[in-house]
S.K.: 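Okay, here's the structure, questions in a sec.
Every value quoted in this text rests on a predicted model; they were computed, and no experiment measured them. A note on names: the letters A, B, ... follow the listed sequences, proteins ahead of strands, and every chain is numbered from 1. Keep in mind that the numbers below use all heavy atoms, side chains included, and drop hydrogens, waters and symmetry copies.
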Amino acid sequence: MLDIQFIRENADVIKEGARKKHVDIDIDKLISIDDKRKTLRGQMDEKKAEQNRMSNTIMRAEGDERQRLVESMRHVKQGLSELEEQYKAVMQEWQLLMLQVPNIPDFSVPEGESDAQNETIRTWGENPTFSFPAKDHIELMTKAGMADFERGGKVAGFRGYFLKGDGVLLANAVSQLALKHFMERGFEPMMVPSLVRRETFLGTGYLPQGEEDLYKTQDGEYLAGTGEVATMGYYMDEIVDGAQFPMKFLSYSPCFRREAGSHSKDTKGLIRVHEFFKWEQVVLAEASHAGSVELHEELTKNAEDFLQLMKLPYRVVVNCGGDLGLGQVKKYDIEAWMPSQDTYRETHSSSYFHDFQTRRLNIRYRTPEGKLLFAHSLNNTAAAMPRLLTMLVENYQQEDGTIRVPEALVPYVGKQVLGRPA
RNA sequence: GGAGGGGUGGCAGAGUGGUCGAAUGCGUCAGUCUUGAAAACUGAAGUCUCGGAAACGGGACCGUGGGUUCGAAUCCCACCCCCUCCGCCA
């Protein structure tokens, strides 16, 4: 959510931002509703003031005088309740629109409608070449006893899977390496709830727009698609200690996604699943654009370093306007090389929000001058499993169907080769 | 699941219909004292919002939303959350 004052003063910038993000929103309508809101508010305040004055007089009055005053108060009240009703209606419309106003994308964000227009800004590593017919992760993992998709489907339905044997070892190893790697960079590890109340989803910007992609319980909670939701909710409605900035959290959680809009995409394998596990970098920082930009680069680099540790070739793309979420100012996707698809697939998504999320969540801090400000927030994937495993097994596959373990993971896996020769 | 208790400022905690935006204590900040610090003493300080250049003035905020009343932190209803005990389960 943006500040209404800011929206009013910068309507053109907001409109331009919405256009760039391909978000359909009528800012002029919002402003005219806000005019109504302000007028009504003013009228209500005046009535209220009158009422307060009168009830003060009534308190002191006695007998007939009092009776008369109480009587005339009734008229004041009637006018007020009419105003209140109008105000309520206006506010409803106001809030609905306010939740839809997108944050302004950064100047450096390229134009474009969908991920097809994302721009590659750098690549790292060398894509493997195979002297034999390379297999995809489904075949590799199935044969190596690392995953079972058939029984996954039987038990869990569409997109269901079991990880087993060396697949579990590898997932655990990646998880442990991630924990070590990010803790070294000052992140505090957290295990956070996935079952989260609606409020926090509104605050992080996943609702009201993302209703379709969320699982919901019969008790009204939602299942989070990322640990970011609970982590951001952690300090909801609090004034945090600004001296601790930047606060860096490494959140672990199961993640659930309905993938409602992607039924035909990645229907096989571990690329797109309904439930998975993820370490997520989440940061709260002081309200400074320059600071956010710097941290954004840092979070991105953290993830790149992690992929480099495992020697996975990757590229970094800057997402175009149309591929940005409502609250995101700028986003980089990091995509690792996927031999079976002859392309890069997303492993990390790094973005910053300015105070878009913290305004909704009401997370503030006090500046040294004593001013209360909304903090800035950022996040980026740290390690998503099992998706990351698909790149690992495909890039490190050998002719006999076994999989070499990247050196950095060997201590955690406990061996150098996964699977058994065919 | 059953029974009960409770949600008040940064924190603790009073307040059960009328100058209550809210006592008191702790903490915070400024000053006095001190070579410096501590202690002691003196003083300051909530948040949001509207008008205003400012001084200042209006309005809102005591978990959330409704209601009763001329007037609600205080009474009534619903919901959310926390705590204690019992039961059940891990």
Side-chain angles (χ1 to χ4, degrees), chain A residues 1-9 30-96 98-99 191-203 207-208 216-222 229-230 232-245 247 254 284 287 355-356 358-375:
Chain A
M1 186 146 69
L2 297 175
D3 180 13
I4 182 64
Q5 197 70 27
F6 181 83
I7 295 173
R8 294 182 69 97
E9 285 164 9
L30 173 61
I31 291 177
S32 87
I33 287 169
D34 190 52
D35 287 337
K36 266 193 246 170
R37 190 199 109 229
K38 290 177 87 156
T39 311
L40 283 170
R41 184 77 247 176
Q43 290 170 346
M44 281 165 65
D45 285 356
E46 261 172 59
K47 282 269 186 208
K48 259 296 194 185
E50 192 184 342
Q51 197 183 31
N52 288 344
R53 275 195 306 274
M54 278 183 80
S55 92
N56 234 309
T57 324
I58 289 172
M59 192 176 78
R60 285 164 230 266
E62 276 173 27
D64 290 351
E65 171 78 1
R66 189 187 179 105
Q67 231 14 69
R68 221 197 63 239
L69 284 168
V70 168
E71 206 46 53
S72 63
M73 183 72 126
R74 293 228 161 83
H75 299 285
V76 179
K77 271 189 68 180
Q78 176 144 42
L80 184 62
S81 65
E82 274 164 28
L83 284 171
E84 274 170 347
E85 225 140 281
Q86 287 177 49
Y87 186 75
K88 219 159 110 183
V90 169
M91 273 312 279
Q92 221 165 28
E93 214 175 339
W94 189 86
Q95 269 160 345
L96 203 72
M98 281 297 279
L99 284 174
M191 287 190 176
V192 308
S194 301
L195 198 59
V196 175
R197 306 205 298 150
R198 183 180 174 82
E199 218 181 341
T200 315
F201 282 92
L202 283 169
L207 285 176
K216 194 175 180 180
T217 73
Q218 66 266 46
D219 294 322
E221 300 97 348
Y222 293 82
V229 179
M232 287 299 298
Y234 189 75
Y235 285 116
M236 178 166 61
D237 290 322
E238 289 189 33
I239 295 169
V240 300
D241 181 8
Q244 307 293 317
F245 286 156
M247 295 167 138
L284 281 179
D355 60 7
F356 187 89
T358 54
R359 186 184 306 280
R360 290 183 177 205
L361 288 163
N362 192 27
I363 299 173
R364 295 178 296 172
Y365 70 100
R366 213 175 279 280
T367 65
E369 298 77 42
K371 263 186 77 169
L372 278 174
L373 293 178
F374 292 108

S.K.: B/G71 and B/G17: how far apart are their C1' atoms, nearest whole angstrom?
M.R.: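 To the nearest whole Å, 8 Å.
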S.K.: For each nucleotide in nucleotides 45-53 of chain B, reading 5' to 3', give B when a protein heavy atom comes within less than 4.0 Å of its base, S when such contact involves only the sugar-phosphate, and - otherwise.
M.R.: --SS-S---
S.K.: Return the pairing partner of B/C85 with a 3.5 Å limit on both distances, Watson-Crick or G-U wobble; otherwise return none.
M.R.: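 Checking every strand shown, B/C85 finds its partner in B/G2, with both distances under 3.5 Å.
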S.K.: Under 4.0 Å, counting only non-hydrogen atoms across every strand here, what does A/Asn52 touch: a base, just sugar-phosphate, or nothing?
M.R.: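 Sugar-phosphate: the residue A/Asn52, judged by heavy atoms under 4.0 Å, touches backbone atoms but no base.
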S.K.: Output a table of nitrogen or oxygen pairs between the protein and nucleotides 69-75 of chain B separated by less than 3.5 Å.
M.R.:
| from | atom 1 | to | atom 2 | distance (Å) |
| --- | --- | --- | --- | --- |
| B/C70 | OP1 | A/Arg74 | NH2 | 2.7 |
| B/G71 | OP1 | A/Lys77 | NZ | 3.2 |
| B/G71 | OP2 | A/Lys77 | NZ | 3.4 |

S.K.: Without decimals, in angstroms, what is the distance between A/Lys47 NZ and B/G58 C1'?
M.R.: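 That distance rounds to 16 Å.
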S.K.: Please list, chain by chain and in numerical order, all residues satisfying salt bridge (Lys or Arg N to Asp or Glu O under 4.0 Å) with A/Arg366, sequence neighbours excluded.
M.R.: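 In terms of salt bridge (Lys or Arg N to Asp or Glu O under 4.0 Å), with neighbours along the sequence ignored, A/Arg366 is linked to no residue.
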S.K.: In whole Å, what is the span from the CD atom of A/Glu238 to the C1' atom of B/C11?
M.R.: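 Taking atom C1' of B/C11 as the reference, CD of A/Glu238 is at 13 Å.
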S.K.: Please figure out whether A/Lys88 or A/Arg197 has its closest RNA chain B nucleotide nearer the 5' end.
M.R.: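 It is A/Lys88 whose nearest nucleotide is closer to the 5' end.
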S.K.: Taking B/A38 as the reference, what is the distance to B/C29 when you measure between their P atoms (whole Å, please)?
M.R.: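 Looking at atom P only, B/C29 and B/A38 are 10 Å apart.
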S.K.: Atom OH of A/Tyr235 to atom P of B/G10: distance rounded to whole Å?
M.R.: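 Result: 17 Å.
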S.K.: Tell me, yes or no, whether the heavy-atom count around A/Glu238 atom CD, taken from other residues, nucleotides or ligands under 6.0 Å, exceeds 12.
M.R.: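 Above 12, so yes.
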S.K.: Separation of A/Arg53 atom CZ from B/G57 atom C1', in whole Å?
M.R.: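 Those two atoms, CZ and C1', are 12 Å apart.
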S.K.: Taking A/Glu65 first and then A/Arg68, would you say they form a salt bridge - that is, a charged N and a carboxylate O separated by under 4.0 Å?
M.R.: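 Salt bridge between A/Glu65 and A/Arg68, a charged N being under 4.0 Å from a carboxylate O: yes.
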S.K.: Round to a whole Å and report the spacing from CG of A/Asp237 to P of B/G7.
M.R.: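 Those two atoms, CG and P, are 19 Å apart.
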S.K.: Could you list the residues that satisfy side chain to side chain contact (heavy atoms under 4.5 Å, CB included) with A/Thr217, not counting sequence neighbours?
M.R.: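 A/Thr217: side chain to side chain contact (heavy atoms under 4.5 Å, CB included) contacts with A/Leu195, A/Asp219, A/Glu221.
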S.K.: Applying side chain to side chain contact (heavy atoms under 4.5 Å, CB included), can you list everything that pairs with A/Glu9, at least two apart in sequence or on another chain?
M.R.: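 Listed in chain order: A/Gln5.
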S.K.: How long is the line joining CE of A/Met236 and P of B/C80, in whole Å?
M.R.: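 Whole-Å distance recorded here is 16 Å.
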S.K.: Work out how far the P atom of B/U64 is from that of B/C80, and round it to whole angstrom.
M.R.: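 The same atom, P, in both gives a distance of 15 Å.
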S.K.: Which base, if any, makes a Watson-Crick or G-U wobble pair with B/A72, both distances under 3.5 Å?
M.R.: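 Matched B/A72 with nothing under the 3.5 Å cut-off.
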S.K.: When the ring planes of A/Phe201 and A/Tyr222 are compared, do they come out parallel, tilted or perpendicular, using 30° and 60° as the limits?
M.R.: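 Judged by the thresholds at 30° and 60°, the geometry between A/Phe201 and A/Tyr222 is tilted.
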S.K.: When both hydrogen-bonding distances must be under 3.5 Å and the geometry is Watson-Crick or G-U wobble, what is B/A45 paired with, if anything?
M.R.: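 For B/A45, the partner nucleotide comes out as none, under the 3.5 Å rule.
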S.K.: Could you give the CD-to-P distance, from A/Gln43 to B/A60, as a whole number of Å?
M.R.: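 From A/Gln43 CD to B/A60 P: 16 Å.
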S.K.: Taking atom CG of A/Leu96 and atom CE of A/Met91, what is their separation to the nearest 0.5 Å?
M.R.: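 One gets 12.0 Å once the value is rounded to the nearest 0.5 Å.
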S.K.: In whole angstrom, what separates A/Asn56's CG from B/U19's C1'?
M.R.: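 The answer, rounded to whole Å, is 6 Å.
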S.K.: Could you tell me whether A/Asp45 and A/Arg41 make a salt bridge, using a distance below 4.0 angstrom between a side-chain N and a carboxylate O?
M.R.: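 Salt bridge: yes.
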S.K.: Under the salt bridge (Lys or Arg N to Asp or Glu O under 4.0 Å) rule, collect the residues that match up with A/Arg197, sequence neighbours excluded.
M.R.: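 Partners of A/Arg197 by the salt bridge (Lys or Arg N to Asp or Glu O under 4.0 Å) criterion, ordered by chain and then number, come out as A/Glu199.
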S.K.: My understanding is that a pair needs two contacts under 3.5 Å, Watson-Crick or G-U wobble. By that rule, which nucleotide pairs with B/U24?
M.R.: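 In the structure as shown, B/U24 has B/A12 as its Watson-Crick or wobble partner.
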S.K.: Would you measure the distance from the P atom in B/A23 across to the matching atom in B/A45 and give it in whole Å?
M.R.: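 It works out to 12 Å between them.
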S.K.: Inspect the surroundings of CD in A/Glu46 and state if more than 12 heavy atoms from other residues, nucleotides or ligands are less than 6.0 Å away.
M.R.: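 Open.
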S.K.: Between B/C86 and B/U47, how far apart are the two C1' atoms, rounded to whole Å?
M.R.: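 Pairwise C1' distance, B/C86 against B/U47, rounds to 42 Å.
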S.K.: What interatomic distance, in whole Å, is found between P of B/G58 and the corresponding atom of B/C20?
M.R.: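 Rounded to whole Å, the distance is 15 Å.
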